[in-house]
Number of protein chains: 2
Amino acid sequence: MAAVKYSRQRESIKRYLMGTKAHPTADMVYQGVREEYPNISLGTVYRNLNFLVEQGEALRLTCGDGSEHYDGNVEPHYHLMCRCCHRVLDLEMASLEHINTLAAANFGGTIEAHSVLFFGRCPECKEV
Amino acid sequence: MAAVKYSRQRESIKRYLMGTKAHPTADMVYQGVREEYPNISLGTVYRNLNFLVEQGEALRLTCGDGSEHYDGNVEPHYHLMCRCCHRVLDLEMASLEHINTLAAANFGGTIEAHSVLFFGRCPECKEV
DNA sequence: TCAATATTAGTAACTATTATCAGTATAATT
DNA sequence: AATTATACTGATAATAGTTACTAATATTGA
């Protein structure tokens, strides 16, 4: 039931996400995909971003800046939000899986996952 | 400049936050403080919550569920959001300060802070 | 008591996101 | 190729969370 049909808009959104490391918001995706599909609607972008996240083809990043960010790289990795330019950057760092064990130590429930966001200054803003 | 004046509403909000471990949203604070000040406005709650966070007297927790949560306990500690009942619980666990070092290892910028949120099942929901 | 001004209640405005729906695109079937 | 069924789209309305505005009120220091 609910068979999935191809849509060029969805493909374009997926392609856009795969092709950027900027961790765009829905609106940034909208602006980007409009280059190819000027008539695409913002609702379509939201609908497909949600779809891709559900399918595990994209990640939703909650950065606390008022809007969700999206990442086409679904490999587990961590992010930094620059306090200066407010960009979201990938961090190349070791896995933090062990913190789930630390969290579970004195806890009566179950730890299934974690989300980590670092704050600081990106290499460019550090210079200033 | 901009001297701060006492306000009973602000005190009530602060008292409410201090007296709960429920990590309430602005609206939950509003409902709670209305018991004491039935005429308090939601805008006043938001204004004062922002003020308290700025002053370091409360923490804002971005949990990705659509609204911000607030915590009157400003001692560094970590949280779990239960995937079942969607409550936010305190975790008693070791500090994770060392992950800043891990993040900084291969990074050209500066790591100043991190926010960590765990997901799983609280002790009560685990039983079901 | 009085003046100066920070704060409030009430409401309007704003932003991000979701819902609705008639028309269109896709895909399977004839 | 034509037909049918239905998933998807664009456009727009609706919703939710939060902030901005303003006249009236509360606080504070003189």
Side-chain angles (χ1 to χ4, degrees), chain A residues 1-17 22-55 57-71 81 86 88 117, chain B residues 1-17 22-55 57-71 81 86 88 117:
Chain A
M1 46 238 69
V4 174
K5 284 185 181 170
Y6 170 92
S7 110
R8 338 166 205 187
Q9 289 90 337
R10 182 185 302 142
E11 283 310 304
S12 178
I13 289 167
K14 197 190 298 188
R15 210 179 313 123
Y16 181 85
L17 266 190
H23 309 87
T25 63
D27 197 67
M28 290 162 72
V29 174
Y30 174 57
Q31 302 302 337
V33 173
R34 273 219 290 187
E35 304 280 321
E36 188 177 5
Y37 292 98
N39 293 330
I40 197 170
S41 122
L42 186 53
T44 298
V45 173
Y46 272 106
R47 192 173 348 98
N48 281 294
L49 286 173
N50 286 337
F51 178 87
L52 293 173
V53 170
E54 271 175 36
Q55 299 295 308
E57 300 188 69
L59 296 179
R60 195 195 329 267
L61 311 178
T62 302
C63 300
D65 65 346
S67 40
E68 304 289 325
H69 292 246
Y70 295 87
D71 192 340
M81 164 150 282
H86 302 105
V88 179
L117 179 63
Chain B
M1 46 227 62
V4 175
K5 284 185 182 172
Y6 170 90
S7 110
R8 342 168 201 180
Q9 289 90 336
R10 183 187 300 141
E11 283 309 305
S12 178
I13 289 167
K14 198 192 294 187
R15 210 179 315 125
Y16 181 85
L17 265 189
H23 309 89
T25 62
D27 198 67
M28 290 161 72
V29 174
Y30 175 57
Q31 302 302 338
V33 174
R34 273 220 289 186
E35 306 278 322
E36 190 177 6
Y37 292 99
N39 293 331
I40 197 171
S41 122
L42 186 53
T44 297
V45 173
Y46 272 106
R47 191 173 350 96
N48 281 294
L49 286 173
N50 286 337
F51 178 87
L52 293 173
V53 169
E54 271 175 36
Q55 299 294 308
E57 301 188 70
L59 295 178
R60 197 197 326 270
L61 312 177
T62 302
C63 301
D65 64 346
S67 40
E68 304 289 325
H69 293 246
Y70 296 87
D71 194 340
M81 164 150 282
H86 302 105
V88 179
L117 179 63

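Chain letters run A, B, ... following the sequence lines, proteins first, then strands; residues in each count from 1. Side chains included, hydrogens not; waters and symmetry mates left out as well; all remaining heavy atoms used. Here the structure is a predicted model, which is why all the values come from computation and not from measurement.
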Trainee: Any side-chain donor paired with an acceptor under 3.5 Å for B/Thr25 and B/Glu68?
Mentor: no
Trainee: Backbone N or O of A/His69 within a donor-acceptor pair of the A/His23 side chain at under 3.5 Å?
Mentor: no
Trainee: In this structure, how many angstroms lie between the P atom of C/dT18 and the OH atom of A/Tyr30, rounded?
Mentor: 16 Å
Trainee: Using a cut-off of strictly less than 4.0 Å, decide whether B/Gln9 has a side-chain nitrogen or oxygen near OP1 or OP2 of D/dA26.
Mentor: no
Trainee: Mind checking B/Tyr6 for me? I need base, sugar-phosphate or nothing, with any heavy atom below 4.0 Å counting as a touch.
Mentor: sugar-phosphate
Trainee: Under 4.0 Å, heavy atoms only, any strand: does A/Arg10 hit a base, just the sugar-phosphate, or nothing?
Mentor: sugar-phosphate
Trainee: Map B/Val4 and B/Thr25 onto DNA chain D by nearest heavy atom, then report which one ends up closer to the 5' terminus.
Mentor: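 Whichever sits nearer the 5' end wins; that is B/Thr25.
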Trainee: Within the 4.0 Å heavy-atom criterion, would you say B/Ser7 contacts the bases, only the backbone, or no part of the nucleic acid?
Mentor: sugar-phosphate
Trainee: Taking for each residue the nucleotide of DNA chain C with the nearest heavy atom, is it B/Lys5 or A/Asn50 whose nucleotide lies nearer the 5' end?
Mentor: B/Lys5
Trainee: With nearest nucleotides of DNA chain D determined for B/Gly43 and B/Gly66 from heavy-atom distances, which residue corresponds to the more 5′ nucleotide?
Mentor: B/Gly66
Trainee: Can we say B/Lys14 and B/Glu11 salt-bridge, meaning some charged N sits less than 4.0 Å from an Asp/Glu carboxylate O?
Mentor: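 Looking at B/Lys14 and B/Glu11, the cut-off is met.
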Trainee: Which is true for B/Arg47 with a 4.0 Å heavy-atom rule: it touches a base, it touches only sugar-phosphate, or it touches nothing?
Mentor: base
Trainee: How would you label the contact of A/Ser67 with the nucleic acid (heavy atoms, under 4.0 Å): base, sugar-phosphate, or nothing?
Mentor: sugar-phosphate
Trainee: Rounded to the nearest angstrom, tell me the gap between atom CG in B/Asn48 and atom C1' in D/dT18.
Mentor: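 From B/Asn48 CG to D/dT18 C1': 15 Å.
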Trainee: Starting at CG of B/Asn39 and ending at C1' of C/dT11, how long is that distance when rounded to a whole Å?
Mentor: 15 Å
Trainee: Scan A/Ile40 against the nucleic acid and name what it touches under 4.0 Å (heavy atoms): base, sugar-phosphate only, or nothing.
Mentor: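 If one applies the 4.0 Å heavy-atom cut-off, A/Ile40 turns out to touch the sugar-phosphate alone, with no base involved.
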Trainee: Using a cut-off of less than 4.0 Å, is there contact between a side-chain N or O of B/Ser41 and OP1 or OP2 of C/dT8?
Mentor: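 It does not, given that no N or O in the side chain of B/Ser41 lies less than 4.0 Å from OP1 or OP2 of C/dT8.
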Trainee: Rounding to an integer number of Å, can you tell me how far A/Asp65 CG sits from C/dA16 P?
Mentor: 9 Å
Trainee: Write down the distance between CG (B/Leu49) and C1' (D/dG17), rounded to a whole number of angstrom.
Mentor: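 The distance from CG of B/Leu49 to C1' of D/dG17 comes to 13 Å, rounded to the nearest Å.
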Trainee: Minimum heavy-atom separation for A/Val88 and A/Cys63, please, with both atom names.
Mentor: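 Result for this residue pair: CG2-SG, 4.0 Å.
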Trainee: Let me know the distance between OH of A/Tyr37 and P of D/dC8, rounded to the nearest Å.
Mentor: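 Going from OH in A/Tyr37 over to P in D/dC8 covers 15 Å.
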Trainee: Without decimals, in angstroms, what is the distance between B/Arg34 CZ and C/dT8 P?
Mentor: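 About 17 Å, once rounded to whole Å.
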Trainee: Taking only side-chain N and O atoms of A/Tyr46, does any of them lie within less than 4.0 angstrom of OP1 or OP2 on C/dT18?
Mentor: no
Trainee: Where the side chain of A/Thr44 is concerned, which of C/dA9, D/dG10, C/dT17 is the nearest nucleotide?
Mentor: D/dG10
Trainee: Can A/Arg10 be said to sit on top of A/Phe51's aromatic six-ring, NZ or CZ under 6.0 Å from centre and within 45° of the ring axis?
Mentor: yes
Trainee: Looking at A/Tyr30, I'd like to know if the NZ or CZ of A/Arg34 sits under 6.0 Å from its six-membered ring centre while staying within 45 degrees of the ring's axis.
Mentor: yes
Trainee: Starting at atom CG of A/Leu52, determine the distance to atom P of D/dC8, rounded to an integer number of angstrom.
Mentor: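 Between P of D/dC8 and CG of A/Leu52: 12 Å.
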